[in-house]
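Here's the structure, in C-alpha cells; my notes come after.
In listed order, ligands and their atoms are each counted from 1. In this chain, numbering begins with 1 at the start of the sequence shown. This is a predicted model, so every value here is computed, not measured.
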Amino acid sequence: MIAKKMIKYIEGSSVTRAMFEEGKRLAQEFGQENVYDFSLGNPSVEPPQLVKQAFIQTLEEEEPCYVHGYMNNSGYEEVREKIAQSLNRRFGTGFSQKNILMTVGAAGGLNVILKTLLDPGDQVVAFAPYFGEYNNYVANYDGEMAVVAPNPPSFQPRAEELEAKLTPRTKAVIINNPNNPTGVVYSEETICQLAAVLEKKQKEFGTAIYLISDEPYRELVYDGAQAPYLTKYYKNTIVGYSYSKSLSLPGERIGYLVIPSEAEDFENIVSAANIANRILGFVNAPSLQQLVVAKCLEASTNVEAYDRNRRKLYDALTEYGYHCVKPEGAFYLWVEALEPDDGAFVARAKEYHLLLVPGSSFMCPGYVRIAYCVDPEMIERSLPAFRRLAENYQK
Ligand code: PLP
C-alpha cells in the first residue's frame, strides 16, 4: 500500500499522462508527421558546441577521482567561484563562492530552498499563471500555497494583490521571470513595486519574507527584453538558476542557488541548504556537469532559432483570430482558449492533432500554453490545423 499522500499525485498527473499517451496513439494512427506536439518544454536546439568540447576536455584532462568524486555538498568551490564572478561581471553584484550552491537543476534548487525555509503550515505565495510543480514542491515540506490571481492581458504581477495575500505566516514568494507559461518578462517597474510591498510587510509583521526567483529562462529573451536581477532590488532574494534551457541540458540536471550575504539569517540558510541538498538525497549536484558548465559560462544558446519560431507562430495565430500574449521571453506562447473551458478546448484541438497544455495546469483556466521549442517544420505543418480549429469556432 503506497502512502496516502502519493495517491492524489497519481490521480492528479493523469491529465498530462493522458495527453502524452494520446500523442503516441495519434502518431501511430496518423503518422508522426501529422501530429503536432506543443506540450513539452524540452529545448529543441542543440547544446552549444562549447558544451561538447567541455565534456571531452574535462574527461580527458582532469583526474578521474576529481571529476567523478564526492565534494562539498554545496559543490566544487572553484566552480562556485567562477559562477559568482561571472554573475558579478554580468549584473554588477558582489558574490563569491560562499553565495553559490550547486543544485540538481532548478527543481532541485527549489526543493533545497523550500526545505531550508519552510515549517509545516508556512505560506508560499505565487502569481498565477505559474509552473504547476511549485504546488508539489511546497507540499513536499507541508507548506501552503497562496495564489495571486492572474492579471490579463499584460500578466505582470500586481503589487496590491500580493499585499493582500501576505500574512505573518508567509515565508516565501516565488517569482518566475521570464515566465513559464506566459512568455512575459516582468518589468523593472513591477519588480520595484513587489519589492516595496515585501519590505513594507516584513516591517509590519517583523518577519523575513524571502523572494525566490526561479530563472531557468533568464537568457531566452527577445526584442531586447531583459529580466532584472532581483538581488539588487530586494535583499531577501534567493535566485534559483538552471542550465536546462540556457545550454539545452535538461537531462543533465545542473543548476545553482544564489544566496546573497545580505539575506536575513544568511549563515544559517547556507548551512541548512547545504544539508538539505545532502539529506534530500541529491548529496551534491552531478560532479561532471559542474565542471562542464564552469567551462561554458560565456556560451549561449541559439536564441534566434526560438525567436523565429516565436514570430512564425505568433503572427500566424494572431492572423487566424487567436488572442495571444506576444512572448518576450522563454519559449511558450500563451493563448486564450476559444471556449471558456480550456480542457474542452484542448480536447477539441486534439481532434486536429494539436497537443496543447490547458491553462488550468498553471492555475489559470481559459488559456492554453503552446511550447514552441520544436522543429520549425512542425510549426509550418501545424498551421493549417490551427487555422481549421479557429474556423470551427467562428462558424
Ligand atoms: N521552473 C520552471 C518555471 C520551469 O519551466 C522548469 C522546467 O521546465 C523548472 C523550474 C525545472 O527546471 P529544471 O530542469 O532545471 O529542474
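- Side-chain rings of Y332 and F362 stay apart, their centers remaining 6.0 Å or farther from each other.
- Ring pair Y243/Y241 is perpendicular by interplanar angle, where above 60° counts as perpendicular and below 30° as parallel.
- The protein heavy atom nearest to atom 7 (C) of ligand 1 is K245 NZ, 3.5 Å.
- Under the 6.0 Å distance and 45° angle rule, R388 does not count as a cation-pi partner of Y36.
- Among S246, G132, A106, P250, the residue whose heavy atom sits closest to atom 11 (C) of ligand 1 is A106.
- Scanning all protein heavy atoms for the shortest distance to atom 16 (O) of ligand 1 gives R253 NH2, 2.7 Å.
- For ligand 1 and N176, the ligand atoms under 4.0 Å from any heavy atom of the residue are 3 (C).
- At least one heavy atom of P216 sits under 4.0 Å from some atom of ligand 1.
- Looking at N176, its side chain does come within 3.5 Å of a backbone N or O of D214 through a donor-acceptor pair.
- Taken from CG in N302 to CG in L220, the straight-line distance is 10.5 Å, to the nearest 0.5 Å.
- What sits closest to atom 2 (C) of ligand 1 on the protein, heavy atoms only, is D214 OD2, 3.4 Å.
- The shortest N or O to N or O distance between N180 and ligand 1 is under 3.5 Å.
- In this structure, F30 and H353 have tilted ring planes: the angle between them lies in the 30° to 60° band.
- Checked against the 6.0 Å centroid criterion, the rings of F345 and Y393 qualify as a close aromatic pair.
- Using a 4.0 Å cut-off between heavy atoms, S244 contacts ligand 1 through its side chain alone, with no backbone atom that close.
- The closest heavy-atom contact to atom 5 (O) of ligand 1, among the options Y134, F131, Y217, F331, comes from Y217.
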